[in-house]
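Working notes for the structure below.
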2 protein chains.
Amino acid sequence: MADPMYRQIADDLRDKIESGEIAQGDQLPTEIELMSQYRASRNTVREAIKLLTARRLVEPRAGKGTYVVDEITPFVSTLTGDPRSGGTDVYLEAVTAKGRVPDNKEPRVEVQQATTAVARALRIKEGSFVVSRHQQCYIDGTPWSLQTSFYPKRLVDEGAVKLGEPGDIEEGAVKYIAQKLGINQVGYRDTIAVRAPDEIEATFFRLPDDGRIPVFEIFRLAFDETGGRFRLTVTVYPADRNRFRVIVGEVPITTLADTDEE
Amino acid sequence: MADPMYRQIADDLRDKIESGEIAQGDQLPTEIELMSQYRASRNTVREAIKLLTARRLVEPRAGKGTYVVDEITPFVSTLTGDPRSGGTDVYLEAVTAKGRVPDNKEPRVEVQQATTAVARALRIKEGSFVVSRHQQCYIDGTPWSLQTSFYPKRLVDEGAVKLGEPGDIEEGAVKYIAQKLGINQVGYRDTIAVRAPDEIEATFFRLPDDGRIPVFEIFRLAFDETGGRFRLTVTVYPADRNRFRVIVGEVPITTLADTDEE
DNA sequence: CCGTATTTGTTCGTATGTATT
DNA sequence: CAATACATACGAACAAATACG
């Protein structure tokens with residue numbers, strides 16, 4: 001059995017895009033034009049375009065036309081860094097190195113009851129209190145990541161009061177905790193997942209809210225010398241403009257313009 | 001301005017799913033039933049279901065009904081390992097540790113001309129020859145990853161003949177190269193990206209071919225003592241059933257049933 | 001700023017095909 | 001084979017966004 005017509009149309013258009021016959025940024029023929037080109041109804045043509053849209057090959061703009069999407073040069077962040085420093089530092093390094101301008105909003109700080117997941121990660125009882133520090137990060141003015149760090153409230157009670165207060169912690173949260181409480185970060189563990197964005201994320205990153213562009217969700221769990229878990233940071237990045245890098249062993253320093261790989 | 005009707009219907013159904021009113025694995029009301037429930041036409045109801053399908057909340061099955069998808073317990077692989085051993089070894093460790101049964105097909109070996117991307121990664125001239133070793137990996141009988149390693153053909157010419165021949169390399173390719181050529185791996189660098197699967201990948205992983213389930217693409221570039229690049233491994237995993245882990249510094253060994261995080 | 005033409009977005013009705021039970 | 005449910009396809013109308021004179 002032959003493929004349905006809308007699929008054949010989509011395949012044909014995909015070929016034309018991938019062969020360069022229709023270049024990046026170009027406008028596709030209008031729906032009316034495609035109707036006569038393929039002798040199909042408008043709805044059928046639109047089904048084909050929906051397939052291409054889902055694959056992120058084209059992007060329809062109401063009132064203007066449907067355009068072939070430009071390839072995005074992704075931003076690369078390195079996950080392996082100094083086991084003793086916090087996540088945000090790593091992010092700043094990586095960003096400034098490329099000559100881009102990072103901009104972090106003031107964190108929103110709340111005391112919450114730990115959800116099942118947060119409690120399990122931090123090895124505390126579900127429903128016990130945690131401090132949540134939520135932050136929006138921009139690069140060159142465009143929204144780049146949403147980050148939420150969870151600390152057991154115990155840390156605040158024991159002297160790290162700044163954790164529970166709004167405002168940046170100049171010296172960095174990890175160093176601050178080390179100074180106040182003598183809790184030293186000796187390592188961390190990241191877990192990388194991909195999922196559809198929720199409504200808030202879609203709005204912030206200006207992603208389509210149909211979930212066709214996924215987000216990276218990176219859980220960073222920090223450990224102290226005793227193996228205790230004193231921080232969980234969850235960071236969300238749009239998957240279309242981000243890549244992550246892991247370096248193990250002796251690897252030469254990456255030079256600029258090192259846009260490797262396929 | 002109100003949302004369009006199909007979006008309202010989708011939101012309402014999403015609420016019912018996320019609140020548990022319609023449980024995982026349950027069948028949604030049929031399109032006919034939804035038509036009367038929401039006083040909408042069949043096409044409008046179907047638009048709503050398409051949105052939920054794109055978000056991977058439901059899955060329509062022709063002739064049966066539309067079902068709420070079951071949550072998948074993801075498989076977690078660790079990217080940080082011994083800087084001196086090859087990628088496949090890491091994969092095997094991680095898999096067998098969980099009591100699952102890995103199964104690697106015999107590699108398909110070809111000599112190809114390096115594409116722009118492969119050439120740039122391996123620091124060789126575009127169009128020069130590389131050996132490509134492509135392998136399909138299964139876990140418990142289900143397709144799990146597609147892996148392709150690229151080696152400069154030079155390595156074969158200089159004595160590592162097994163690289164260019166079909167069949168597994170018992171001792172592992174990294175150790176084999178070290179023995180034959182004295183090229184020792186001292187580190188590697190992974191780059192993690194996410195994209196829509198191509199047709200071959202969609203077929204192998206049994207993913208829908210509309211690209212709504214993305215794949216992880218992990219580039220592992222291996223370095224020797226002189227900083228030379230002697231291998232590029234590209235591995236593709238379906239993003240709906242995989243997570244990756246990065247460990248930095250001193251982190252306690254993860255116990256079983258350690259399904260952390262949100 | 002207004003009006004008009006163009007283009008995509010939403011919604012309906014209808015008919016027929018295909019998969020499952 | 002028949003009933004049910006989703007898949008494909010067509011035609012039509014109006015709405016909303018955009019561009020342009």
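Naming: A, B, ... by sequence-line order, numbering from 1 per chain.
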Length of the [atom1]-[atom2] vector between [X] and [N], whole Å:
X     : N      : atom1 : atom2 : answer
A:Q8  : D:dA7  : CD    : C1'   : 15 Å
A:R61 : D:dT18 : CZ    : P     : 10 Å
B:E31 : D:dT4  : CD    : C1'   : 12 Å
A:R46 : D:dC10 : CZ    : P     : 15 Å
B:R42 : D:dT8  : CZ    : P     : 11 Å
B:R7  : C:dT11 : CZ    : C1'   : 15 Å
A:I49 : C:dT7  : CD1   : C1'   : 11 Å
B:I9  : C:dT10 : CD1   : P     : 13 Å

Of all the nucleotides listed ([options]), which has the minimum atom distance to the side chain of [X]?
X     : options               : value
B:N43 : C:dT11, C:dG13, D:dC6 : C:dG13
A:P4  : D:dT8, C:dC12, D:dC10 : D:dT8
B:Y6  : D:dC10, D:dT8, C:dT10 : C:dT10

Start at the 5' end of DNA chain D and walk down; is the nucleotide closest to A:S41 or to B:T66 reached first?
->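 The residue whose closest nucleotide sits nearer the 5' end is B:T66.
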
Upstream residue (5' side of DNA chain D) when A:K64 and A:M35 are each assigned their closest nucleotide |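 First, find each residue's nearest nucleotide; the 5'-ward one identifies A:M35.
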
Is there a donor in the side chain of B:Y38 and an acceptor in the side chain of B:D12, or the other way round, less than 3.5 Å apart?
->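 A donor-acceptor contact under 3.5 Å links the two side chains.
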
Given the rule in the side-chain contact (heavy atoms from CB on, under 4.5 Å) test, do A:D11 and A:D3 qualify, once you have shown the distances and angles that lead to the verdict?
-> CA-CA 10 Å; A:D11 287 343; A:D3 274 352; 4.0 Å; yes

Run the salt-bridge test on A:K50 and B:E47 with the 4.0 Å N-O cut-off and return the result as yes or no.
->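 So A:K50 pairs with B:E47 through a salt bridge.
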
Parallel under 30°, tilted from 30 to 60°, perpendicular over 60°: which one fits the rings of B:F75 and B:W144?
->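 B:F75 vs B:W144 ring planes: perpendicular.
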
